[in-house]
Amino acid sequence: MTADTRAQVIIVGAGFAGLCTAIKLAEAGFEDFRILEKADELGGTWRENTYPGCSCDVPSLMYSYSFAPNAHWTRMYARQPEILDYLRRVVRRYGLGRHIEFGTEVTSYEFDEDADRWHVRTAGGRSYYPRIVVAAPGPLHQPKAPEVPGRDRFRGKSFHSAQWDHSYDTAGKRVAVIGTGASAVQFVPRLARDAQRLSVFQRTPHWVLPKWDRRLTRTERLAFRVVPGLRRLYRYAIYWIHEALILGFLHPRLMRRIEAIAKGQLRRQVADPGLRRALTPDYTIGCKRILISSDYYPALQRENVELVTGGIAEITADGIRTHDGSEREFDAIVYATGFAVSDRFAAERIVGKGGLTIQQAWRDGMEAFQGIAVAGFPNFFLMLGPNSGGGNQSIVFMIEAQAGYIVQCLRQMEQRDVTRIEVRAAVQRQFNRWVHGKLAGSVWNTGGCDSWYLDDTGANRAAWPGSSVSYWRRMRRLNPEHFEWTSAADREPEHAYHGPATLAAGTEELPVTVTLSGHLEPIDGAFHWYGRVAADDAVIAWKRANRRVMLTLPGREPVHARLVEVDPWGHVRISGAGIPPFPVESLEEIERTEVTGSPVAGS
Ligand code: NAP
């Protein structure tokens, strides 16, 4: 089977992150990309989570791309269909539809070290061969079932909250909900309305802040459309309110004020002291993700609803037995038990340099540089990778910072005329020492709870240890020193020619000394040669002025060449594609090969 070599960049996932990367690439002129999406619809988490009441707990005006504001939000906190609709409109507006391949699930990624390309294979048997991979599968997309014995035994209906079965009507049924996290608090009030009996199984109580949600009035919506700057003003206000919270996440004692707001809601909404006690967490607010809801506590107090805190012993054929020995019968069980986060790559086949698998690279835990690059996996970028999530800010903000950074990486590759970018292992190590040092005192690590931010060893592999502004600052300008920039050709040790040559720019000529090598096998259909010109002020000046040059070796024809960069020793790196300036045995074959463009656009 031959690989599809047309796309230079493969983006995996058509959710907020993948789409943002695509838009930023297109804006920067990198049109050679495909988006592979396993489902038949875009939207990522906003396509998959369709449970009743599914909405965003970040205010709508902040939950959109900064470059594509939405004038149509109908609520303070948008609901899932509206967010999905927003993403569909973005795709239309940016003409991304033609780049997306739906129903295309990637099953493996393998790096080809000789060509600096990835073999990307799909479940449908297709194969791609891009220079760059951007994996944007979303950190919360692998539903996690609870480790409770007997799940297979249950004869009633059961499904995970992220795989809601809308063909099943819960009205009039006896329904169990296992889990009381961000998803459950949104759909429990809906199920409570018409279930015959609803039992909510809580293992650990969560802190719940009020949700000031309401429909936006017609006047507000009109104002957002027509008053210049109003939408942006709201967005800034929401942004900075969320941003201020990071102080509390990093210095947990500052969380007391927030905890007081949550306790206030609990006091106001729950009169029964026993229930209130059962709903009061014993850890610092923020340690688990803070929930936002104003209708969860009232729903729990309906006549047909009960909170079960006894702990689940097992699932039986007809229901759930708790540790106190009592058994309840149910028609349906909904697992609101969250997602695999820290081990979400456990089953992925990602093979980097020297056969290194992602599991081997992460045997001591997930680790990346600034959430996007992993040493040993060149030309591979992760969106929302380890330690780039936030507990306090719209994730869309982090996504935009990452997409912009990846575009800078690709630009640098083009400017340097290289085919490989790889984060330096030492840089990644140092970065992660800093990350985990900062997280050590954070509320996620010290708040006294267990959460999906922490992996099995208790290390926090999810949260960014600072404000989103601090992340944005780091991502705003790429520091090339953090990466190694090489070409497949550069790594060839043999020299094909060392000696005198003539370099010409326009009518000027310079005698120089060159050391040249070449790839005898064509890369991407073109013969590549490369090398250096010995330190020479005039050549350096030509490089700085970006002069077009021709290189001639004694007794040979002149060839077009490119002065790539000045190296730390003052030599000027030179390269070319096509007929080499020095003799090679297989010249006839080389003459037949085709010369193509840039490394990212297909050199
Ligand atoms: P979650 O926050 O991880 O909550 C999972 C729940 O299942 C917890 O209450 C957990 O209890 C419980 N659980 C797990 N295993 C259990 C077991 N064996 N027995 C009993 N209970 C068990 O999952 P989620 O609610 O799906 O939310 C996941 C994340 O998705 C959120 O944190 C948030 O980042 C995101 N989300 C966002 C929104 C939004 O509006 N933006 C909405 C929904 C979700 P313990 O606490 O004891 O572990």
Side-chain angles (χ1 to χ4, degrees), residues 15-16 44-46 48-60 62-64 75-80 82-84 138-151 159-164 176-188 199-209 211 213 242 278-279 281-283 286-293 296 307-315 320-323 333-344 384 389-399 444 447-454 456 462-463:
F16 258 103
T45 194
W46 297 106
E48 296 196 358
N49 285 279
T50 60
Y51 54 77
C54 181
S55 71
C56 186
D57 56 14
V58 173
S60 317
M62 190 59 220
Y63 205 78
S64 51
R75 305 190 67 84
M76 292 297 282
Y77 290 86
R79 299 204 169 137
Q80 175 264 341
E82 235 185 304
I83 301 172
L84 189 55
L140 297 163
H141 87 296
Q142 279 179 24
K144 204 168 86 178
E147 297 119 25
V148 177
R151 267 192 307 118
F159 48 84
H160 189 276
S161 60
Q163 295 160 334
W164 201 273
V177 173
I178 302 181
T180 53
S183 303
V185 295
Q186 294 188 344
F187 67 76
V188 161
S199 302
V200 180
F201 289 80
Q202 170 188 283
R203 187 165 65 181
T204 319
H206 290 239
W207 287 107
V208 186
L209 288 175
K211 186 173 189 178
D213 189 21
H242 279 83
L279 289 168
D282 61 359
Y283 54 84
C287 181
K288 283 178 184 285
R289 189 180 158 105
I290 302 173
L291 307 187
I292 312 222
S293 171
Y296 177 61
L307 183 74
V308 186
T309 57
I312 300 172
E314 64 168 334
I315 295 177
I320 295 178
R321 201 164 55 74
T322 42
H323 286 301
I333 300 178
V334 182
Y335 298 113
T337 40
F339 302 87
V341 178
S342 57
D343 54 350
R344 64 187 192 270
L384 299 179
N392 66 312
Q393 195 51 274
S394 165
I395 202 71
V396 183
F397 184 89
M398 309 297 268
I399 286 172
W444 299 294
C449 78
D450 193 14
S451 76
W452 57 257
Y453 293 102
L454 309 179
D456 290 345

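All values below were derived from every heavy atom in this structure, side-chain atoms included, with hydrogens, water molecules and symmetry-related copies excluded. When a ligand or atom number is given, it counts from 1 through the structure's own listing order.
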Undergrad: Is there a donor-acceptor pair under 3.5 Å between the side chain of His323 and the backbone N or O of Ile312?
TA: yes
Undergrad: So, are Lys211 and Asp57 salt-bridged, with charged N and O less than 4.0 Å apart?
TA: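 Salt bridge between Lys211 and Asp57, a charged N being under 4.0 Å from a carboxylate O: no.
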Undergrad: Which of the numbered atoms in ligand 1 are under 4.0 angstrom from any heavy atom belonging to Leu140?
TA: 29 (C), 30 (O), 34 (O), 35 (C)
Undergrad: Using the ring-ring contact (aromatic ring centres under 6.0 Å, His included) criterion, which residues pair with Phe187? Sequence neighbours excluded.
TA: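 Counting only residues at least two positions away or on another chain, Phe187 forms a ring-ring contact (aromatic ring centres under 6.0 Å, His included) with Tyr51, Trp164.
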Undergrad: Is the contact between Asp450 and ligand 1 made by the side chain, the backbone, both, or neither, using heavy atoms and a 4.0 Å cut-off?
TA: neither
Undergrad: Heavy atoms only, cut-off 4.0 Å: how does Phe201 contact ligand 1, side chain, backbone, both, or neither?
TA: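 None of Phe201 does.
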Undergrad: Taking the side chain from Thr337 and the backbone from Gly179, do they hold a donor-acceptor pair closer than 3.5 Å?
TA: no
Undergrad: Give a yes or no answer on whether the side chain of His160 reaches the backbone of Gly338 with a donor-acceptor pair at less than 3.5 Å.
TA: yes
Undergrad: Give me the residue, atom name and distance of the protein heavy atom closest to atom 24 (P) of ligand 1.
TA: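 Going by distance alone, atom 24 (P) of ligand 1 is nearest to Ser183 OG, 3.4 Å.
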Undergrad: Suppose I only count heavy atoms of Val148 and a 4.0 Å limit; which atoms of ligand 1 are within that range?
TA: 18 (N)
Undergrad: In the protein, what heavy atom is nearest to atom 12 (C) of ligand 1, and what distance, to one decimal place, separates them?
TA: Gly179 CA, 3.6 Å
Undergrad: Can you check whether Ser183's main-chain N or O pairs, donor with acceptor, with Ser161's side chain at less than 3.5 Å?
TA: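 Such a contact is absent between Ser161 side chain and Ser183 backbone.
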Undergrad: What are the atoms of ligand 1, with element, lying closer than 4.0 Å to any heavy atom of Phe339?
TA: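 In order of number, 26 (O), 28 (C).
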Undergrad: Distance to 0.1 Å, residue and atom name: give those for the protein heavy atom nearest to atom 13 (N) of ligand 1.
TA: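 Of every protein heavy atom, Thr337 CG2, 3.7 Å lies nearest to atom 13 (N) of ligand 1.
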Undergrad: Starting from atom 33 (C) of ligand 1, locate the nearest protein heavy atom and write down its residue, its atom name and how far away it is, to 0.1 Å.
TA: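 Of every protein heavy atom, Arg289 CD, 3.2 Å lies nearest to atom 33 (C) of ligand 1.
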Undergrad: Specify the protein heavy atom at minimum distance from atom 41 (N) of ligand 1: its residue, its atom name, and the distance to 0.1 Å.
TA: Asp57 OD1, 3.0 Å
Undergrad: Quick one: does Arg151's side chain have a donor or acceptor within less than 3.5 Å of a partner on Pro146's backbone?
TA: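 Answer holds: yes.
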Undergrad: Do any nitrogen or oxygen atoms of Ala336 come within less than 3.5 Å of a nitrogen or oxygen of ligand 1?
TA: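 For ligand 1, there is an N or O atom that lies under 3.5 Å from one belonging to Ala336.
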Undergrad: Would you mind running through ligand 1 and noting each atom that sits below 4.0 Å from a heavy atom of Cys56?
TA: 40 (O)
Undergrad: Consider every N or O of Trp452 and every N or O of ligand 1, then say whether any pair is closer than 3.5 Å.
TA: yes
Undergrad: In ligand 1, which numbered atoms sit nearer than 4.0 Å to a non-hydrogen atom of Thr204?
TA: 45 (P), 46 (O), 47 (O)
Undergrad: Write out the residue and atom name of the closest protein heavy atom to atom 23 (O) of ligand 1, then the distance separating them to 0.1 Å.
TA: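 Checked against all protein heavy atoms, atom 23 (O) of ligand 1 sits closest to Gly338 CA, 3.1 Å.
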Undergrad: Can you find an N or O of Tyr51 that's nearer than 3.5 Å to an N or O of ligand 1?
TA: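 No; the residue has no nitrogen or oxygen that sits under 3.5 Å from a nitrogen or oxygen of the ligand.
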Undergrad: Return yes or no for this condition: an N or O of Ile178 is under 3.5 Å from an N or O of ligand 1.
TA: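 Among all N and O atoms of Ile178, none is under 3.5 Å from an N or O of ligand 1.
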Undergrad: Please name the pair of heavy atoms, one in Thr180 and one in Leu291, separated by the smallest distance, quoted to 0.1 Å.
TA: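 Heavy-atom minimum between the residues: O-CD1, 3.4 Å.
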Undergrad: Can you check whether Tyr63's main-chain N or O pairs, donor with acceptor, with Ser394's side chain at less than 3.5 Å?
TA: no
Undergrad: Whether the side chain of Gln202 engages the backbone of Thr309 through a donor-acceptor N/O pair (distance < 3.5 Å, no angle test) should be reported.
TA: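 Side chain of Gln202 to backbone of Thr309: no pair is present.
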Undergrad: Looking at Gln80, is its backbone amide N or carbonyl O close enough to the side chain of Ser55 to form a donor-acceptor pair, meaning the two atoms are under 3.5 Å apart?
TA: no
Undergrad: Take every heavy atom of Ser55, measure it against each atom of ligand 1, and state whether any distance is under 4.0 Å.
TA: yes
Undergrad: Got the closest protein heavy atom to atom 44 (C) of ligand 1, with its distance?
TA: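 For this ligand atom, the closest protein heavy atom is Ala182 CB, 3.5 Å.
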Undergrad: Classify the contact between Lys288 and ligand 1 as side chain, backbone, both or neither, using a heavy-atom distance cut-off of under 4.0 Å.
TA: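 Under 4.0 Å from ligand 1, Lys288 contributes side-chain atoms alone.
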Undergrad: Just to be sure I read this right, does ligand 1 sit under 4.0 Å from the backbone of Thr180, its side chain, both, or neither, counting only heavy atoms?
TA: both
Undergrad: Would you kindly specify which portion of Cys54 sits under 4.0 Å from ligand 1, judged on non-hydrogen atoms: side chain, backbone, both or neither?
TA: neither
Undergrad: Quick check on His206 - does any of its heavy atoms sit under 4.0 Å from an atom of ligand 1?
TA: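 Right, His206 reaches ligand 1.
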Undergrad: Fit a plane to each ring of Tyr453 and Trp444, take the angle between them on a 0 to 90° scale, and name the class: parallel (under 30°), tilted (30 to 60°) or perpendicular (over 60°).
TA: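 Because their plane-to-plane angle lies in the 30° to 60° range, the rings of Tyr453 and Trp444 count as tilted.
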Undergrad: Of Gln202, Arg203, Gln186, which has the heavy atom at the shortest distance from atom 11 (O) of ligand 1?
TA: Arg203
Undergrad: Taking side chain as C-beta onward, heavy atoms only, is Phe201 less than 4.5 Å from Thr322?
TA: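 Counting from C-beta outward, Phe201 and Thr322 do come under 4.5 Å.
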